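Please read the structure below before turning to the comments.
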Amino acid sequence: PSSGSYPSAAATLSSGSATIEIPAGSLPVGTDTLTASYVPDSSSSTTYNSTAGSNIVTVTVPKTTPTITWNTPVAITYGTVLSATQLDATASVAGTVSYSPPLGTIPTAGLQTLTANFTPTDTTDYNTASTTVTLTVNKATPTIAWSTPAAVTAGTALSTTQLNASASVPGTFVYAPIAGTTMSTAGNTTLSTTFTPNDTTDYNSASATVVLTVSPAPKTTPTVTVTPSASSITTAQALSVAVAVSGGTGNPPPTGSVTL
């Protein structure tokens, strides 16, 4: 038996049939005539003549799948818009690439899968193709704005006048020392804040500090009250004198000494 330009070895019939395998690539592209020649063996030669039969098979070239080249993009920070920097796949043949998610998308933080779908210009000879890469999107760190507060006087309680930081995204602040704390010691005091964003998926927590100058409280002139034990004495009499020093309402009792 033979098939066009491919001659095969003889195959023995079994119950009147046989199968001949033709390896891939052995037949030429186009229309090929398969001709099988029958030759009876000694057991059948008295009954059957030699003969042949044929059929036609069409051989085509299979479509080629293009090669897509797409390197893993460099990590970005949340808030970055997808651009040709990340969506830059190329193919081995002419065609168009569409992406998912598309250009202009702001991906959330985490590991994000980017997909490229390629459609060749020559769809007769080439298949469509697709590929994916993983993009790392890092959390963004909010910006905290907190100006150095104006100096206060010792004895001032902290309030929103000093604890007034703001952030670039919504969230909450926790301060140390907390609001209501009295600045009792003069000098430089560090105020700190920790910011927790509402969107903890895409943003990190952040912190900041400022230095608050605490000036000494102004001195108070106490009142000195002198009370002798008698308003009139002789030279032969001793006199007891009581001296009271008062700092006024809200001030601690003065300490120190008095003399006459």
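Being a predicted model, the structure only gives us computed values, none of them experimental.
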- Using a cut-off of 6.0 Å, state whether more than 12 heavy atoms not belonging to Y48 lie near its atom OH.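 Atom OH in Y48 is not packed in, count stays at 12 or less.
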- Counting only heavy atoms not in D41, do more than 12 fall under 6.0 Å of its CG?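 Atom CG in D41 is crowded, with more than 12 foreign heavy atoms closer than 6.0 Å.
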What are the two closest heavy atoms between [X] and [Y], and how far apart are they?
X    : Y    : result
T193 : A165 : CG2-CB, 4.3 Å
A206 : P142 : CB-O, 4.0 Å
T200 : K139 : O-NZ, 2.8 Å
Q162 : V152 : NE2-CG1, 3.6 Å
A151 : S215 : CB-OG, 4.3 Å
L135 : V74  : CD1-O, 3.6 Å

Do you reckon [X] sits in the same ILVMFWY cluster as [Y], going by side-chain contacts under 4.5 Å, direct or chained?
X    : Y    : value
V81  : V133 : yes
V226 : L239 : yes
V174 : V210 : no

- Task: Verify side-chain contact (heavy atoms from CB on, under 4.5 Å) between Y175 and T194, making sure each step is shown before the conclusion.
- Result: CA-CA 7 Å; Y175 294 94; T194 299; over 6 Å; no
- Message: Can you confirm whether T225 sits close enough to S246 that some side-chain heavy atom of one is under 4.5 Å from a side-chain heavy atom of the other?
- Response: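 Heavy-atom side-chain distance check fails, nothing below 4.5 Å.
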- If we only count heavy atoms from C-beta on, is the P228 to S240 side-chain gap below 4.5 Å? no
Under the 3.5 angstrom rule, does the side chain of [X] hit a backbone N or O of [Y] as a donor-acceptor pair?
X    : Y    : value
K63  : T128 : no
T220 : P222 : no
S159 : T161 : yes
S50  : V39  : no
S130 : N117 : no

Looking at [atom1] of [X] and [atom2] of [Y], how far apart are the two atoms once the value is rounded to the nearest 0.5 Å?
X    : Y    : atom1 : atom2 : answer
E21  : S26  : CD    : OG    : 11.0 Å
D32  : T58  : CG    : OG1   : 9.0 Å
T119 : N127 : OG1   : CG    : 11.0 Å
N198 : T172 : CG    : OG1   : 7.0 Å
S231 : I233 : OG    : CD1   : 10.0 Å
T80  : Q86  : OG1   : CD    : 7.0 Å

Donor-acceptor list for residues 90-114 side chains, cut-off 3.5 Å, not counting sequence neighbours:
residue, atom, partner, partner atom, Å
S92, OG, T67, N, 2.9
Y99, OH, L87, O, 3.3
Y99, OH, A89, N, 2.9
T105, OG1, P102, O, 2.9
T108, OG1, Q112, NE2, 3.2
Q112, NE2, T108, O, 3.1

- Task: Examine W146 together with F195 and report whether their ring centres are nearer than 6.0 Å.
- Result: no
- Begin with the C-alpha distance, continue with both residues' side-chain angles, and end with the deciding distance and a verdict on side-chain contact (heavy atoms from CB on, under 4.5 Å) for L163 and L191. CA-CA 8 Å; L163 308 180; L191 309 180; 4.1 Å; yes
- Message: Consider side chain to side chain contact (heavy atoms under 4.5 Å, CB included). Of T31, L27, T33, I22, which one does V57 pass it with?
- Response: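 Of the listed residues T31, L27, T33, I22, the side chain to side chain contact (heavy atoms under 4.5 Å, CB included) partner of V57 is L27.
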- Query: Just one of L212, T189, I178 clears the side chain to side chain contact (heavy atoms under 4.5 Å, CB included) bar with L158, so which one?
  - Reply: L212
- Working for side-chain contact (heavy atoms from CB on, under 4.5 Å), residues F173 and S207: CA-CA 9 Å; F173 287 95; S207 60; over 6 Å; no
- Derivation of the side-chain contact (heavy atoms from CB on, under 4.5 Å) call for S166 and I144: CA-CA 6 Å; S166 61; I144 296 178; over 6 Å; no
- Out of T132, D88, T131, which residue meets the side chain to side chain donor-acceptor pair (under 3.5 Å) rule with W70? D88
- Side chains of N204 and T141: do they bring a donor and an acceptor to under 3.5 Å? yes
